[in-house]
J.: 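Pasting a structure below so you can have a look.
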Amino acid sequence: MAEPTLNVRGCEIYEGWLDGDAQAALVQDLRDVVAQAPLFTPRTPRGKPMSVRMTSAGKYGWYSDRRGYRYEGAHPKGGPWPTIPPAVLDIWRALVSPARMPDCCLINYYTSDARMGLHQDRDEADFAWPVLSVSLGDDALFRIGSDTKGGATSSVWLNSGDVVVMGGAARLCYHGIDRIRPGTSALFQGTGRINLTCRVVD
DNA sequence: AAGTTCCT
DNA sequence: GGAC
């Protein structure tokens, strides 16, 4: 059984889980997903555009607008979400469980000035299943707190190929991305970071 | 604190 | 902490 190389506030980090070839293959899979389900800019319930662009694969996609945070069965432009790339499911099988596949693979695209405020992943029906997150491209400063608002936090730089599993007591921990370090990965032309977040939704 | 939220 |  694989062991995390780092544990930050209960979040298990598998540094360098994907080698360069696996990362490049995954990027091609994601290009196919984005061709079918274009990236969009979600708005917060207050109407403010988020700095990340996103899309999803799987039964559900995560979505946000003035009506709130939720999962949707279709892309905002219509039609089902593409299927989750098999290589992503392989990571889930290896680090979470082969017994149940995720319903959603959220694809977040960060430009050099994109951020993600601290938040909990709590739009799912069953918190017993961990959340799995894959980093691709530029380095990102990941901040992790506890499951209560206002608590202490720790930060760690995530690199391309790293995988984070948030389960157990860490399933509802607050987490976010404070900063992208542009140009630190050759995976994309220029700069950019993609984060995949896989979740069991219902 | 998916928001340099906004409000009680 | 909750709502939008």
Side-chain angles (χ1 to χ4, degrees), chain A residues 8-11 13 30 33-34 37-77 81 84 88 102-127 129-158 162-182 192-202:
Chain A
V8 181
R9 296 188 178 275
C11 294
I13 305 178
L30 298 174
V33 169
V34 171
L39 294 166
F40 55 89
T41 301
R43 287 181 178 267
T44 68
R46 289 275 184 189
K48 187 183 176 69
M50 294 174 67
S51 59
V52 299
R53 289 196 294 155
M54 63 175 59
T55 190
S56 289
K59 180 181 179 184
Y60 298 110
W62 189 84
Y63 193 72
S64 174
D65 61 13
R66 288 169 193 79
R67 291 173 40 214
Y69 305 138
R70 63 193 182 276
Y71 285 96
E72 289 282 357
H75 189 277
K77 299 188 85 168
W81 304 99
I84 300 176
V88 176
D103 300 310
C104 174
C105 174
L106 174 62
I107 299 160
N108 282 324
Y109 176 69
Y110 294 76
T111 52
S112 57
D113 54 358
R115 292 164 293 104
M116 179 74 75
L118 283 172
H119 67 279
Q120 291 173 301
D121 288 11
R122 55 177 308 152
D123 301 314
E124 302 77 28
D126 183 358
F127 299 138
W129 289 99
V131 170
L132 179 145
S133 153
V134 180
S135 292
L136 294 168
D138 286 337
D139 300 345
L141 186 57
F142 185 52
R143 190 147 57 98
I144 306 163
S146 68
D147 61 1
T148 54
K149 202 171 172 175
T153 62
S154 302
S155 295
V156 60
W157 282 97
L158 296 179
D162 291 352
V163 177
V164 180
V165 175
M166 293 182 287
R171 173 60 180 78
L172 288 171
C173 71
Y174 280 89
H175 58 281
I177 295 293
D178 284 339
R179 190 149 59 98
I180 300 296
R181 202 153 53 189
R193 173 179 188 258
I194 282 179
N195 178 256
L196 307 179
T197 311
C198 296
R199 311 182 184 94
V200 170
V201 174
D202 61 8

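Note that the structure is a prediction, hence the values are computed from the model and not measured.
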J.: Could you state the atom-to-atom distance from NE2 of H119(A) to P of dG1(C) in whole Å?
T.: 17 Å
J.: May I have the distance from L118(A) (atom CG) to dG3(B) (atom P), rounded to whole angstrom?
T.: 9 Å
J.: Which part of the nucleic acid, if any, lies within contact of G117(A), taking any heavy atom under 4.0 Å across all strands shown: a base, the sugar-phosphate backbone alone, or nothing?
T.: sugar-phosphate
J.: Answer with base, sugar-phosphate or nothing: what part of the nucleic acid does R179(A) contact at a heavy-atom distance below 4.0 Å?
T.: nothing
J.: How would you label the contact of G150(A) with the nucleic acid (heavy atoms, under 4.0 Å): base, sugar-phosphate, or nothing?
T.: base
J.: dG3(B) C1' sits how many Å from R66(A) CZ, rounded?
T.: 14 Å
J.: State which residue, out of D202(A), D123(A), D103(A), fulfils the side chain to side chain donor-acceptor pair (under 3.5 Å) condition with Y60(A).
T.: D202(A)
J.: Any donor-acceptor pair under 3.5 Å linking the side-chain atoms of Y71(A) with those of R199(A)?
T.: yes
J.: Without decimals, in angstroms, what is the distance between W62(A) CH2 and dA2(B) P?
T.: 9 Å
J.: How far apart are the closest heavy atoms of L106(A) and S56(A), and which atoms are they?
T.: CD1-OG, 3.5 Å
J.: Take atom CZ of R46(A) and atom C1' of dC6(B), then tell me their distance rounded to the nearest Å.
T.: 5 Å
J.: From C-beta outward on P45(A), which listed nucleotide comes closest to its side chain: dA2(B), dG3(B), dG1(C)?
T.: dG3(B)
J.: With both distances kept under 3.5 Å, what pairs with dA3(C), Watson-Crick or G-U wobble?
T.: dT5(B)
J.: Could you check which of dA2(B), dG3(B), dG1(C) has an atom nearest any side-chain atom of T44(A)?
T.: dG3(B)
J.: In whole Å, I'd like the distance from the CG atom of D65(A) to the C1' atom of dA3(C).
T.: 15 Å
J.: Specify the separation, in whole Å, of atom CZ of F142(A) and atom C1' of dA2(B).
T.: 12 Å
J.: Tell me if the CZ atom of R115(A) is crowded by more than 12 foreign heavy atoms within 6.0 Å.
T.: no
J.: Assess whether a salt bridge exists between K59(A) and E72(A), defined as any Lys/Arg side-chain N lying under 4.0 Å from an Asp/Glu carboxylate O.
T.: no
J.: Just how far, in rounded Å, is C1' of dA2(B) from OH of Y69(A)?
T.: 5 Å
